[in-house]
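All remarks here apply to the structure that follows.
Convention: sequence-line order gives letters A, B, ...; per-chain numbering from 1.
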Protein chains: 2
Amino acid sequence: MDKKEQILASALKLFVEFGFHGTPTSKIAKEAGVSNGTLFHYFATKEDLIKELYITIKNDLNQFLFSKITPEDSVEAIIKKVFIYFIYWALDNREKNHYIQQVLFSPHIFQISESVLMEQSQKHIQLIEEAKATKIIKDLPTDLIYTLANSHLMGIYNYVVNLPPDQQKPIIENGFEMLWDMLTEQK
Amino acid sequence: MDKKEQILASALKLFVEFGFHGTPTSKIAKEAGVSNGTLFHYFATKEDLIKELYITIKNDLNQFLFSKITPEDSVEAIIKKVFIYFIYWALDNREKNHYIQQVLFSPHIFQISESVLMEQSQKHIQLIEEAKATKIIKDLPTDLIYTLANSHLMGIYNYVVNLPPDQQKPIIENGFEMLWDMLTEQK
DNA sequence: TACTAGATTGACTAATCACTCTACAAAGGT
DNA sequence: ACCTTTGTAGAGTGATTAGTCAATCTAGTA
């Protein structure tokens with residue numbers, strides 16, 4: 001692992017444990033096994049480090065999610081895969097998931113440009129549009145569906161994260177069904 | 001408004017805007033119109049201020065929610081009221097709502113004692129237990145229902161917060177129906 | 001009036017932190 | 001072999017900050 005990655009990994013660990021304020025750049029450098037100067041060689045400011053870490057994690061997540069899709073998958077199958085694999089990713093990468101939330105509810109999120117944020121949600125939005133177009137899911141505003149799906153996902157995650165691994169699967173599967181029913185059932 | 005309240009109000013405003021790190025105690029004192037020393041007369045440490053602000057807001061919210069309930073309300077009516085009024089509270093108190101989330105995804109949450117946190121969710125948990133006992137809602141684990149309801153609530157809030165006020169009501173009402181269907185519908 | 005206890009002030013301090021700077025090493029191109 | 005670029009180190013610095021402290025003020029009570 002090269003130094004830059006090492007710095008990002010250390011920053012992730014420390015930010016999640018001690019928060020942005022509670023983590024001096026000096027401690028990040030020490031944990032990463034590099035000098036103070038090296039950290040600032042790769043990241044001009046601490047803020048840049050916080051931002052780049054966020055973007056890196058989000059990109060990794062998206063790449064992982066969409067790598068699970070095969071061309072023959074139906075829209076419904078894709079949505080289910082994105083749902084299920086997000087949970088498994090979050091369970092395997094708890095710190096990363098926590099970090100994303102941490103940034104989301106901090107002023108640092110405003111430092112990340114609108115276009116970068118939109119780029120990251122674009123594929124998900126597109127997926128919802130497709131599902132709406134083919135009448136699989138209800139005709140609610142796309143943003144509303146996106147927000148509700150995200151929230152539901154976090155809800156399921158927050159519950160299963162405290163469960164022993166052998167009890168997680170049924171809840172996750174059922175969790176998807178709940179969301180799917182919510183988005184498809186007709187009154 | 002006495003000085004202590006003034007300090008809490010200023011801290012809320014600044015923490016939400018600039019984050020915990022970005023807000024020195026000196027700025028809080030200045031914004032509150034009190035001296036540096038006065039702040040530390042009321043709050044031994046900055047951490048104490050962060051904690052107390054969280055607890056105060058949460059208590060205010062709970063008091064507000066349960067003040068809307070009348071003795072003749074059915075369990076279903078109570079749940080609906082708690083849902084609907086939470087959204088309206090959050091819309092009227094955006095900074096407070098944001099602050100709660102901010103603390104929730106920060107290391108400061110671990111500084112708040114388990115018993116205080118449990119006390120605050122107790123009434124909500126109890127409500128779910130009642131609904132389950134009277135077979136109104138599905139027999140899922142209470143914690144799961146609690147988590148899902150919370151997430152759904154935040155999802156709806158996140159969507160309506162960007163809507164013009166006159167378009168909010170139908171979404172909120174419909175949002176409750178979605179959750180209710182999810183928790184009651186039989187397969 | 002005199003006493004007391006809490007409220008309030010703001011200058012002060014010791015520590016910390018983000019970031020700089022200089023020096024040197026390694027790598028790579030020509 | 002020479003030069004340029006990039007990587008790495010770590011001591012140093014100026015600014016900032018949480019928290020202290022001694023002094024003053026205020027209001028209640030006897």
DNA chain D nearest-nucleotide lookup for B/T45 and A/G37: closer to the 5′ end is A/G37

From NZ of A/K30 across to C1' of D/dA9 the rounded distance in Å is 15 Å

For residues 143-157 of chain A, the side-chain hydrogen bond (donor to acceptor under 3.5 Å, both in side chains) pairs (sequence neighbours left out) are none

So, with a heavy-atom separation below 4.0 Å from DNA chain C, the residues of residues 17-29 of chain B are none

Whole-Å distance, B/L39 CG to D/dT17 P, equals 14 Å

Sorted by chain and number, sequence neighbours left out, ring-ring contact (aromatic ring centres under 6.0 Å, His included) with A/F15 holds for A/F20

B/D48 atom CG is separated from D/dT20 atom C1', nearest whole Å, by 16 Å

Residue pairs meeting side-chain hydrogen bond (donor to acceptor under 3.5 Å, both in side chains), one or both in residues 85-111 of chain A, sequence neighbours left out, come to A/E47-A/H108

Whole-Å distance, B/I7 CD1 to C/dT8 C1', equals 10 Å

Rounded to whole Å, the NZ-C1' distance (B/K46 to D/dT17) equals 8 Å

Any B/H41 side-chain nitrogen or oxygen under 4.0 Å from OP1 or OP2 of C/dT8: no

Worksheet entry | Donor + acceptor pair across side chains of A/D73, A/T70 (<3.5 Å) | yes

### Query
Hey, does the side chain of A/K3 come within less than 4.0 Å of D/dA9's phosphate (OP1/OP2), counting only N and O?
yes

* What nucleic acid atoms does B/Y42 come within less than 4.0 Å of, heavy atoms only: base, sugar-phosphate, or nothing? -> sugar-phosphate

Any Lys/Arg nitrogen of B/K27 or B/E17 sitting under 4.0 Å from an Asp/Glu carboxylate oxygen of the other? no

B/S/- along nucleotides 22-28 of chain C (protein heavy atoms under 4.0 Å) is -------

Heavy-atom closest pair (B/K4 atom, B/E52 atom, distance to 0.1 Å) is NZ-OE2, 3.0 Å

When rounded to whole Å, the CG to C1' distance for the pair A/D2 and D/dT6 reads 14 Å

- Message: For a quick test of reading the model: is some side-chain N or O of B/T38 closer than 4.0 Å to OP1 or OP2 of C/dT9?
- Response: yes

Taking C/dT8, C/dT20, D/dG10 as options, the one with an atom nearest any side-chain atom of A/F40 is C/dT20

Between CZ of A/F15 and C1' of C/dA18 the distance, given in whole Å, is 12 Å

Residue set satisfying ring-ring contact (aromatic ring centres under 6.0 Å, His included) with A/Y42, at least two apart, ordered chain then number -> none

Non-hydrogen side-chain atoms of B/H124 and B/V82 separated by less than 4.5 Å: yes

Between NZ of A/K4 and P of D/dT6 the distance, given in whole Å, is 14 Å

Check: For B/K132, does the NZ atom have more than 12 heavy-atom neighbours from other residues, nucleotides or ligands under 6.0 Å away?
Finding: yes

